[in-house]
Structures are given as C-alpha cells and as structure tokens.
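Below: the structure, in structure tokens.
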Amino acid sequence: MDVMGDKATLFETGRFVQSPGEGATRDEMGDTGDTAEDARLRLAARTGDTEAMSVLGAMLLRGGDLDGAEPHLRAATAAGDRAAANNLGVLLHQRGYAEEAAGWWRIAAVAGSAAAAHALGRHHRERGDEPAAEYWLRQSAEQGHALGAYALADLLEHRGDAAAGDWMRAAAERGHREAAYRLARALDRKAGAEEEGGSDNAVEETEQWYRQAAARGHRRAALHLGAILEKRGDLKEAGRWYLTSAKDGEARAACALGFLLRDAGDTESAAVWWLRAAQDGDGNAANALGALHAERGETQTAERWYRAALDAGDDNGAYNLGLLCAEQGRTAQAEQWYRRAAYAGHREAANALAILLLQGDDPAGAEPWFSKAAEAGSVDAAFNLGILHAGRGTGEDADVALRWYERAAAAGHTEAALQVGMARLREGDEQGAERHLRCAAGGGNPEAAYRLATLLDARRPPEPAHELGEVVHEKTECEEWYERAATQGHRRAQVRVGMLAAARGDVVEAARWYRAAAEAGSRNGAFNLGLLLAREGSEPEAAVWWTRAADAGHGRAALRLALVYARRGELAEGQRWADRAVALGPAEVSERAGRLRDALREELSA
C-alpha cells in the first residue's frame, strides 16, 4: 500500500505544487535527495541516531531499495520512532505481508501518526471491516490528514451517510485533487437537479473546485471546467482547459476541443482532435468525423466512422448511418439502421423510421414509432402524430391530433403552434388563438404572422381623422405582422401590404408588393397590380397582369380584359373573356360579364 496515494503520483509527474505547510512529513517518507545529506545520514545511522535511521530508511524505501531500508526502519521503530513504524508497515505491505504491516501501522497510529491511521483504515476497509476502517480513518481525518479525510468521505458516501460531504470538502480544502473533483461533481449534479440550475454562488463554487482539481492535473476536472467556461462564452480559456485535458489523454476533451475549433472555422484542426478522440474510443468524435466526411461527399469514409461510433456504443452512429443511406436512396438499409437505433431508445431515429414507414404507405406501422419517439421527448414526432391523426378526418382523431399539436407547441414547435392557433380560431377562442399564433409567428412562421395580422386587423378601429379631414396614418401592430409575413414571401400578406400602401397613397410601394406577390403566383397580386397600372395610365401593361390573373382563375381580371378588348373594338376577344368571366364568377361578376357578353354578341351579329 502506498500511503502517499495521489500525492505520490503527483510528485512523480511533477504536476504537484506544494503550498506552504504542505510538505511531506517523516510519516510520509520524506526525501532529502541530496548526496551530502545522504552520506551524513548514513554516518549518523551507524552511530545509532534514531531520526537518521528513520529518514534514511524512508529514503531507501522511496528509491525502491526494500532490503536496504528494512534494517534501518526496524532499528528506528525499535527505538520508538512512529514515522519509522509507519514506513515499515508500507515496506511490509509492499512485500505482501499485509497483516504484519497492519500491526506496525497500528503502533504508529496509536502513537499519533495520521498517515499510519489512514493506511490502517484502508487496510480494514479492503478486508470488509467497515467499523474499524471508519474508526482509524476518522482518527487520521481529525488530525488534518487530507488522504484520511478523503478516504473517510468515500467510505461514508458509500454508506449514504450525509456527513460524507463535509469530509470531502475538508479533504478538498487540504489540497486533495480527487476530493476537489468529486465535490465539484456533487455540486454540479445538485445544481442540475434544481429547476433554476442552482444559484450563482453554487455555480461559482462548483467552478472553483473544478479549477482547483484541474490546476493539480485532474484531467476530468479540466474537461468539466472547460465545459462551464464554454457555456459562459469564455471560449479562449475553455479551449485551454480542453487542450490540457486532451493532452493528458481525456478523449471527451479532445472531442469538445474539436467542436470548439470547428465553430471557430478551423475544420482541419478540429478533425485532428476528433481523430485522436475517436481512436481512443469516443463515439461522439467518430460521429463528428463521419459528418465531416459526409459533407465533403466522402460517403464511404463517413460510413466507416459512423460504424466506428456504433462500435463505441454510440447509438447516434446507427441513426447517422440511416440518414446516410436515406440520402443515397438505400431505403431498406436506412430502415434497418433506423430500427437499430430506435430499439436502443434513440428518439429521433424512431421518428425517422416512422416517417420512412409513412412514406412507404404504412401508417399503421408508423404510428407506434411516432408515439414512442414523442413519449421520449421528440417534438417533431409529437407534431407528426398530430398530422397523422388529423389526416384521418374523424372527430375523435381531430381531438387527438389537437392534443399532440398542443404538446409539440408547448415545446416550441412553430408549425404545431400554428395548427393550435387555427383550431382555436375555428372554436371562436380568439385569445387562445392569438397566444399560439404569436408563438408561431415569433418563431418565424409566415402563415402564423399573416393569420395573427388578420386577427388583429379585424379588431382595428377606424383610423383617426385629422382635424382638417385628412386621415392620419400610424403603422399598427397588425401592419407590422403583415410586413413580416410579406418579407418572408407570404403572397397574401404581400397583397395586403400592397393594399395598405395604396390606401396611404404610396403607389410605388404598393406596386412593389403587388408585383412580388404576382411573380410568386398570386392571382390577386396580379389583378391588383393591373388595377394600379391602369389607374396610372398603363393599360397595356395592366392587361398583361390581368391576363395572368385570369388564366389563374380570377373572374374579375377576366371581366376587366373583356372591357379592355370591347373598348378597343376587338369584340370577339372581348366576348371570349366575358365568357371566361361568367364561368369563373363570383355571382356579381358572372352577372355583369353575362350582360357584357350578350351586348357584344348582339354587336357582332348586327
């Protein structure tokens, strides 16, 4: 047993920086390391100097010379030196004489050696004697021994004793890096379990302990510290800690460093670290490499890395293989990989599998996978279940569809929020409709922005008049939503924005929006643009847009064309468009077009 524990390892690696008062005691095998001092100790030991024999024995033990150390330690122990008794226990433990070692540790511990009490406590714990282990570890911890405090905390934590945290903190405060790391992890988990993610003080304390452990060479602490800093936006420092952890062999840190570099635009360096992490068995890094090669069109290499991720136990590998096969049209293989990931609990794979089955005209097979994905938290799957039930057309299915839409909307799905808003409108619940439409519109859905605008527009009072009778126009909220939808390419919103501009007398702005709508295929946009052009004296160009609108089924545009051709004297063409207007309607247009058609017919037969 190495009573130095972590500290011995740290001395060997050169990463441990001793604080004042933290130097090794003789109980902990202090090393002089000086040739002249070595000669002096040997001379003193030959003359029977107990302290010299004890220190020389510890020095030889540290150097691995057990045969040389033993006689010096035994002699010093016989003279009552407790440090020698402790180190003699270490020597005997290394030789495999555990019980004899425990005897000497007991002698040293009774004499007040904290290091021996720690070693004796560990000896009893290894043999399953927890009461004895707790007794001696507590003796060590209460004397301020960091290793004793940590070992006691570990024992109490294993038993579920609440006092474990206090001793873990004590060990951390005395410089034990693993204690600092475990204390930070406990605080981290506690903060994660709380709804608000913990107070600022708790987050600051967690970071402090991670930082202490990381500064002492704890690679996992450096990884978690990097994650905290990255989340806070301190990317430069986060990268330094990821790099420190990655160089010490932490694959997750190498993977995280790769993502940090990729986000900074350095894909090549990112690939180097992902490769290093993937070769060390990190599935996330293997997936990242697969995605990188897939983006470059190197599908075979991508597939190899996705398979490596799967071999590393990362179910995303199977999901990504499914995506890759689906993109290549290998539907059967895509289904196979999606199933594998879905059976492993991958919710997005379950959703993708359901979509694949639905596309293959198997709604009965798709529904349970949508349900499984939705119950596991997939927002898209909840929305897709809504679509599936809504498509069945029954009243009961409509209610079920609405429930799934509501669930997806509550999780921020904009399309689902739109569907809930429209359902509320049909029910006459304007307040509920407005709430959901605002969510969907705020999330960037142009249809929701348009429907919200129409809802607000219907409530808008008449515009106030200027005292001289001129209308004073102030842009309202509904106009802002119309404009947002129009800017996103919503054709009806573009027509409406054009109408509002025309009402203000802004002909240029109105024409711009009408033209945008018309060119996107809006027959109302084409008709209104024609009206605007005609009023501005450009009837030939207006006729071009009316023709486009009429060909798309706009009855009023057909009637306008009939009138244009009648005025030009092209009676046959006028009659043709009048016939078209009669067929297209609506009723008032059909009536007017019918009278015009009859008049043109009489004129032609005269």
Side-chain angles (χ1 to χ4, degrees), residues 1-10 22 24-29 54 58 61 70 73-74 76-78 80-190 209 213 218:
M1 177 180 292
D2 185 354
V3 298
M4 293 296 290
D6 279 351
K7 192 173 286 188
T9 304
L10 291 167
E22 204 176 38
T25 66
R26 285 199 302 122
D27 285 355
E28 295 176 311
M29 296 159 45
S54 177
L61 178 59
E70 186 170 356
L73 292 175
R74 285 192 179 276
T77 299
D81 189 289
R82 73 177 189 189
N86 174 55
N87 289 333
L88 180 56
V90 173
L91 184 149
L92 292 168
H93 189 274
Q94 290 182 13
R95 288 191 185 277
Y97 303 123
E99 293 304 324
E100 188 179 353
W104 290 112
W105 281 329
R106 184 173 290 102
I107 290 171
V110 169
S113 170
H118 164 246
L120 186 57
R122 287 182 57 181
H123 168 81
H124 284 298
R125 188 175 181 189
E126 286 170 3
R127 278 150 184 75
D129 187 353
E130 288 199 0
E134 181 182 351
Y135 174 81
W136 289 112
L137 291 175
R138 193 175 294 277
Q139 293 294 315
S140 175
E142 287 176 350
Q143 292 180 66
H145 195 272
L147 296 175
Y150 174 72
L152 177 60
D154 187 67
L155 175 65
L156 295 175
E157 186 177 89
H158 177 70
R159 291 211 308 247
D161 192 316
D166 296 332
W167 286 111
M168 194 69 76
R169 184 178 295 275
E173 288 171 349
R174 293 164 188 166
H176 195 289
R177 68 172 186 175
E178 185 65 26
Y181 171 71
R182 287 178 62 172
L183 180 58
R185 291 297 296 144
L187 291 168
D188 216 348
R189 284 191 292 269
K190 183 180 178 181
W209 290 118
H218 198 293

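Looking at heavy atoms from C-beta onward, Trp167 lies in side-chain contact with Arg138 at the 4.5 angstrom threshold. Within the 4.5 Å cutoff, the side chain of Met168 has no heavy atoms near those of the Tyr181 side chain. Counting heavy atoms from C-beta outward, Leu92 and Leu88 have side chains that approach closer than 4.5 Å. Annotation: side chain of Arg185 is in contact with side chain of Asp188 (closest heavy-atom distance under 4.5 Å). You'll find the side chain of Leu147 stays beyond 4.5 Å of the side chain of Arg122, heavy atoms only.
Of the inter-residue distances, the one linking Gln139 atom CD with Glu134 atom CD reads 11.0 Å to the nearest 0.5 angstrom. Within the model, atoms CZ of Arg169 and CG of Leu183 stand 5.0 Å from one another, a figure rounded to the nearest 0.5 Å. Annotation: the span from Tyr135 atom OH to His124 atom NE2 amounts to 10.5 Å, rounded to 0.5 Å. Taking OG of Ser113 as the reference point, atom NE2 of His145 lies at 7.5 Å (rounded to 0.5 Å).
Between the side chain of Trp105 and the main chain of Asn86, a donor-acceptor pair closer than 3.5 Å is present.
Of all heavy-atom pairs between Ala85 and Thr77, the closest is N-OG1, 3.3 Å. Residues Ala171 and Ala149 come closest through the heavy atom pair CB-CB, 3.8 Å. The nearest pair of heavy atoms linking Leu137 to Leu155 is CD1-CD2, 4.3 Å. Between Ala151 and His118, the shortest heavy-atom distance links the atoms CB-CD2, 4.0 Å. Of all heavy-atom pairs spanning Ala109 and Ala116, the tightest one is N-CB, 3.7 Å. Trp209 and Ala180 make their closest contact through CB-O, 3.5 Å (heavy atoms, listed as atom of the first residue, atom of the second, distance).
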- Query: Between Arg174 and Tyr150, does a side-chain hydrogen bond (donor to acceptor under 3.5 Å, both in side chains) hold up when you go through it step by step?
  - Reply: CA-CA 10 Å; Arg174 293 164 188 166; Tyr150 174 72; over 6 Å; no
- Task: Please lay out, stage by stage, how His176 and Arg182 fare under the test side-chain contact (heavy atoms from CB on, under 4.5 Å).
- Result: CA-CA 10 Å; His176 195 289; Arg182 287 178 62 172; over 6 Å; no
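Considering only residues two or more places apart in sequence or on other chains, Arg125 meets the salt bridge (charged side-chain N to carboxylate O under 4.0 Å, His left out) condition with Asp154. For Glu142, the salt bridge (charged side-chain N to carboxylate O under 4.0 Å, His left out) criterion is met by no residue, not counting sequence neighbours.
A salt bridge does not link Arg95 to Glu100: none of the charged side-chain nitrogens sits closer than 4.0 Å to a carboxylate oxygen.
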